[in-house]
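Below: one structure, written as C-alpha cells.
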Amino acid sequence: MKKLKYTFFTVLLLVGATSFAQEEPAQEEKQSGHVNTNKFRQLYNEFATPNQYRTASGAPGPAYYQNEADYEIKIELNDENQTISGYETITYINNSPDKLEYLWVQLDQNIRTKDSPAREKDGSGMAPVIQPGSVVSSYMTEPFDGGFNIIEVSKDGQDLPHMINFTMMRVEMPEALEPGDEFEFSIRWNYNIPEHTVDRARSGYESFPDGNKNYVIAQFFPRMCVYNDVEGWQNYQFWGNGEFALPFGDYDVEITVPADHLLDGTGNLVNRKDVYSKEEMNRWEQAQKSYDKPVIIRTQAEAEQIEKGRSTEKKTWKLQAENVRDFAFTTSRKYIMDAQAVKFPKGDVMAISIYPKEGNPLWEEYSTKAVVQTLESYSRMTFDYPYPKAISVHGKNQGMEYPMICWNYGRPNEDGTYSDRTKFGMISVIIHEVGHNFFPMIVNSDERQWGWMDEGINTFVQYVAEQDFGENYPEAIAPNSKYPSRRGEPSKITDYMGGNQDFISPIMSNPENVYQLGNNAYGKPATALNILRETVMGRDLFDYSFKTYAQRWMFKHPTPEDFFRTMEDASAVDLDWYWRGWFYTTESVDIGVSEVKSYYLTNNPTTAGKEMLTRYGVDPSAVDAVYVVEEDGEDYDPAMKGKSIVENAPNLQEFMMDNFTPAERAKLKSPKHFYAVKFNKPGGIPMPIIVEYSYADGTKEKVTYPVQVWRKNDAEVTKVLATDKELVGVMLDPDLETADVDVSNNSWPKAEEESEFDSFKEGTQD
Ligand SMILES: [Zn+2]
C-alpha cells in the first residue's frame with residue numbers, strides 16, 4: 001500500500017512538471033531563440049575582460065600600476081586685475097610598462113577662451129519670453145577672455161615642442177620616456193580669473209559691492225593627464241560637464257596674495273607663523289586641542305575691520321601635500337575662520353570652515369559640524385580619513401570639491417535670517433563636497449568618463465552621513481523626523497525613472513552625453529546603492545563589500561567593473577541582473593499584483609482533476625489523489641471552504657499516518673486556505689517581490705520572494721500561499737523601498753481611487 005502511494009506521487013510530480021511546461025509554450029520558444037535577453041545572464045559582453053592589471057575579483061592585479069605627477073608651483077594672484085600668473089615644474093614618473101612618446105597636459109581654463117567650442121556645444125532656440133539679463137549675456141556681451149596664456153614649456157631652459165588642442169596640450173620630450181623613468185619639465189603661464197557668480201565656473205571670484213573679492217581657485221595650473229591600462233592617455237576634452245581625471249602626486253605650492261588676505265588650500269600650511277597673527281596662532285593651537293567645538297581663528301569683528309583696508313604689501317603662503325590628485329585654494333581679506341580637531345587612530349584631523357560675514361550666522365553654527373560629521377560617517381563606511389585637514393569654504397552658488405578643500409553654497413538673507421531650505425541645502429552640500437575627499441579624491445575614479453563613480457557613490461554615502469547628522473543634532477531638524485535628504489530615498493527617484501524615456505540615459509554613460517545629469521549621475525546611482533544596501537543585500541553584506549571596494553582602491557584608479565565585481569566578490573550575491581537593470585538600461589521598477597484566486601483541497605474527484613489524470617494515462621479510480629477546487633468554480637462546495645486539509649481530504653490524513661512518525665506529524669501544518677497570487681511586472685528591472693499579506697483576523701505578514709522568481713519568466717509569476725487564515729489584502733512594497741514607479745497596481749483588492757480633493761491637495765504641495 002505504501003509503495004503504491006509513493007508511485008502515485010511520483011506520477012503527480014511528473015504530471016505537474018509537464019503541465020507547467022505545456023501551459024507556457026511562449027516561454028519555451030523564447031529560451032530557444034537566437035538572442036539571449038534573459039535579465040539574469042552574466043555581464044560578460046558588457047564588462048572588460050579581467051587581466052593582470054585588474055582581476056576578475058575586482059581588485060588591483062599583480063601588474064597594476066599608476067603613473068605619478070609631482071608639482072612645484074609658484075603663483076601670484078593679482079587682486080587688482082584678477083589674474084593669476086605662475087610657474088611650475090612637473091616631475092612625471094612613468095610606472096607603466098609602456099614607452100611614452102609624448103605627454104598630455106590638461107589646460108582646463110581653455111574652456112573659457114573667447115572662441116571656445118564649449119560655448120556652442122548645445123543647441124538653442126528662441127523662447128517666447130527671455131529675462132533681460134539673459135538677453136544681455138547671450139546676445140549683447142563680448143565673451144569673457146579666459147583661457148591659459150602658455151608663455152613657456154621648457155626643460156633646463158630649453159623650449160619643448162608643444163601643441164595645444166583646445167583643453168589639451170601635447171608636450172614632446174627629447175626622447176621617449178621609458179618604463180620606470182621620469183621626466184621633469186616646466187611651464188610658465190597666466191590667465192584672467194573668471195567671475196564665477198556670473199560665469200557659472202567651478203572656480204573664480206565673487207565680487208562684493210565694496211570692491212572686495214573672494215577667490216575660490218582651482219584648475220589654475222596646467223595639470224598632467226592620467227595614463228593607464230584602460231584609456232591610455234585620458235585626453236578626452238574638458239567640455240564642462242565631465243569633471244576630472246588626475247594622477248596622484250606630491251605638491252609644493254607657494255601662493256603670493258595681498259598681505260591682508262586669509263588663505264588656505266590643499267596640504268599642510270608650512271609657514272603658518274609667517275602668515276598668521278600671534279593671536280591667530282594661539283587660537284589655532286587651541287583649536288588643535290578642541291575636540292567638541294570649533295575655535296574661531298579669525299573673528300567676524302576682525303574680518304569686518306580688515307576688509308575695509310587694501311594692503312599694498314604681499315604675503316606668500318606655502319602649502320605642501322602628499323599623495324593628492326589635485327590642488328586648490330581660497331583667499332580673501334573678508335574671511336572669518338574656525339577650526340576643530342577630530343580624533344582618528346592614526347592622528348588628528350582639523351575640520352575647518354572659512355566664510356565671509358555674509359555667510360553668518362548660518363556658517364558659524366553649522367559648517368564645521370557638517371565637516372566633522374562627514375569625516376566620521378564616511379570613515380566608518382570606507383577607511384579612516386588619511387589627510388591632515390578638511391576645509392569647507394563658503395562660495396556663493398558653489399558646490400565644488402578638491403583634495404582637503406571645497407566650496408559650498410548656503411547664504412542667509414541680508415538680515416541674517418534663513419529658510420530651512422537654505423540651512424539644509426548648506427549642510428547637505430558641505431557633507432557632499434567634503435565627502436568627495438573619499439570619492440574621487442582618494443578612491444580616484446575617472447570623472448571625465450564616469451560621473452556616477454564619484455557623484456553617485458558619494459551621494460549615496462552623503463545620504464548615510466545626513467541621516468547620522470539628523471540623529472546627532474536632533475535640535476537642527478524638525479521634531480520626530482529624519483534629516484530631510486534630497487536624494488537617496490527610493491520614492492524620490494520614481495518620477496525620473498518612470499518619466500519620458502527619450503530624456504533618460506543609462507547611468508553607464510559619459511556625463512557629456514546624458515540628459516538630466518543630476519538624476520543620471522547623482523540621484524539614480526545613489527538610490528540604486530541605497531536600495532542595494534537596504535533591500536537587496538542587507539547592511540552587513542553591503543557594508544563589508546562597499547568597504548572592501550573603498551579599501552582596495554584607496555589611492556588608486558578604479559573602473560566601474562572594479563566596483564561591480566568587488567561588490568559580488570566580497571558578498572557572494574550575484575548582482576549582474578542588478579547592475580544590468582539599474583546601471584546599463586533606462587528601465588524602471590514596476591511590479592503589480594494582477595490576480596488572487598482562492599482554493600481548497602479535497603479527495604472528492606473533480607472533473608478537471610480526473611481529466612488531467614486521464615490525459616496523462618493515469619486511471620483516476622486507481623489512484624488516491626488530492627483534488628484542487630477553485631472558489632466559485634466547477635465542483636465548488638461552499639461547505640468545504642475554510643476547513644483544514646485533513647478534514648476535507650481524509651486520504652491525506654491516512655497518508656500522514658502511514659508515512660510519518662507521531663513526532664513528525666505534530667510538526668506538519670494543516671492549512672485551511674490556498675491562494676494563487678499572480679504578480680506581473682510591467683517595469684523592466686527585476687526586483688525581489690516584497691509583499692504584505694493581510695488576513696481576516698487583522699494580522700499581517702511580510703514575505704519577500706527572491707528576485708530569482710523572475711529568471712525564467714520576466715512578465716508574470718504566480719506564488720501559492722497556504723495558510724490557516726483567510727486572506728483579505730495583498731500590498732506590494734508596503735514601505736516603498738524598491739522605487740516602484742507605479743503603485744496603482746500594488747494592491748489587491750485595488751485601492752480605491754483617491755478623491756479629487758486629495759489629489760488636488762497633493763498637487764499644491766511644494
Ligand atoms: Zn559632487
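Computed over heavy atoms, backbone and side chain alike; hydrogens, waters and symmetry mates excluded. We count ligands from 1, going down the list as the structure has it; atoms in each ligand are counted the same way.
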Exercise. Decide, yes or no, whether a salt bridge links Arg448 with Glu231 under the criterion of side-chain N to carboxylate O below 4.0 Å.
Key: no
Quiz prompt | Residue pairs involving residues 213-228 (criterion salt bridge (Lys or Arg N to Asp or Glu O under 4.0 Å); sequence neighbours excluded) | solution = Asp108-Arg223, Arg223-Asp326
Residues 501-508 side chain polar contacts: donor-acceptor under 3.5 Å, at least two apart:
{"residue": "Gln501", "atom": "OE1", "partner": "Thr586", "partner atom": "OG1", "Å": "2.5"}
{"residue": "Gln501", "atom": "NE2", "partner": "Thr586", "partner atom": "O", "Å": "3.0"}

Self-check item: Every N, O or S from the protein that is nearer than 2.8 Å to the Zn ion (ligand 1)
Solution: His432 NE2, His436 NE2, Glu455 OE1, Glu455 OE2
Practice problem: Could you verify whether a donor N or O on one side chain and an acceptor N or O on the other, from Thr559 and Asp562, lie under 3.5 Å apart? | Solution: yes
Self-check item: Side chains of Glu401 and His432, donor plus acceptor under 3.5 Å
Solution: no
Exercise. Apply salt bridge (Lys or Arg N to Asp or Glu O under 4.0 Å) to Glu737 and list each qualifying residue two or more places apart in sequence or on a separate chain.
Key: Lys702
